[in-house]
Amino acid sequence: MSEHDRKKWDAKYADVDEAGAAGENDWLAQQVQRIQPGRALDLACGLGANAILLAQWGWTVTGIDISPVGLQIAARTAAAADVQVDWQAADLETWEPQAATFDLVTVFRYLDRNQLPQQIQAALKPGGTLLYETFVEGPNNTAGGHVRNPAFVLQREELPTLFPNWNVIEYSEIQVGDHYVARLRSQKPAP
């Protein structure tokens, strides 16, 4: 991303109704119920709804996003929910994770084919879990909804290929509202 991207997201989040910023993610809730809490990393966390939910479920969470404005809103929402999250402003195009630190990595509605798979590989402990949901082409090769840039939309069946040799626990491509998403639960191989 760039300074332009940071400014764009800061402006978008500056107009957000904070009362509606957090919300339940049913798929995340369903998946996390099966995992023993530990250290979690929420990449491109935006307003922090998923990071806050993880913290409420007993995880020690780090949330990373390019927008300081979004993270300020996230911090206020977390404080109101009486949970702590380590919020970090960082550009994921240049961010370097601490190696083998996290038991869980989550990514929702963000795609960077060039950097993100390697960053996740580095950040996740062996045997750790990845929960990834992002936009995918729908039937008839349409993105559906508001995503128009193909750089931010997966091809059908592409998401698991970004993590070769990982144990795919669950994978689906479904319509959610007016768009299509791919959902991957995968496990980093243990040595």
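Starting from 1, each residue takes its place in the sequence as its number.
A 4.5 Å side-chain heavy-atom check between Arg39 and Leu104 finds every atom pair outside the cut-off. By the 4.5 Å heavy-atom criterion applied to side chains, Arg109 and Phe135 are counted as neighbours. When side chains are defined from C-beta on, Trp57 does not count as touching Pro37, because their heavy atoms never get closer than 4.5 Å. Looking at heavy atoms from C-beta onward, Arg76 lies in side-chain contact with Gln72 at the 4.5 angstrom threshold. Using a 4.5 Å cut-off on side-chain heavy atoms (C-beta onward), Thr134 and Val107 make no contact.
Under the 4.0 Å criterion applied to side-chain N and carboxylate O atoms, Asp103 and Lys125 are assigned as salt-bridge partners.
Between the side chain of Lys188 and the backbone N or O of Gly127 there is no donor-acceptor pair closer than 3.5 Å. In terms of modelled atom types and a separation under 3.5 Å, the side chain of Arg113 and the main chain of Ala151 share a donor-acceptor contact. Panel note: side chain Thr101, backbone Ala99; a donor-acceptor pair is recorded below 3.5 Å. No donor-acceptor pair closer than 3.5 Å links the side chain of Tyr132 to the backbone N or O of Pro160. Side chain of Asp86 to backbone of Thr62: no donor-acceptor contact under 3.5 angstrom is found. No donor-acceptor pair under 3.5 Å is formed between the side chain of Asp42 and the backbone N or O of Cys45. Judged by distance alone, the side chain of Glu173 and the main-chain N or O of Glu157 form a donor-acceptor pair under 3.5 Å.
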>> Using side chain to side chain contact (heavy atoms under 4.5 Å, CB included), reason through Phe108 and Val181 one step at a time and then give a plain yes or no.
In response: CA-CA 10 Å; Phe108 284 79; Val181 295; over 6 Å; no
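Under the rule for a side-chain hydrogen bond (donor to acceptor under 3.5 Å, both in side chains), the partners of Gln121 that lie at least two apart in sequence or sit in another chain are Trp166. Applying the side-chain hydrogen bond (donor to acceptor under 3.5 Å, both in side chains) rule to Ser186 yields no partners; only residues at least two apart in sequence or on another chain are considered.
If you check the side chains of Gln119 and Glu96, you find no donor sitting under 3.5 Å from an acceptor. Between Asn50 and Thr106, the side chains place no donor N or O within less than 3.5 Å of an acceptor N or O (distance only, hydrogens not considered).
A pairwise comparison of heavy atoms in Leu124 and Phe102 identifies CD1-O, 3.3 Å as the closest pair.
Screening Arg185, Gln31, Arg183 for a side chain to side chain donor-acceptor pair (under 3.5 Å) with Glu170, the sole residue that qualifies is Gln31.
Note: the hydrophobic cluster containing Ile169 does not contain Val32 (ILVMFWY, side chain heavy atoms under 4.5 Å, direct or indirect links).
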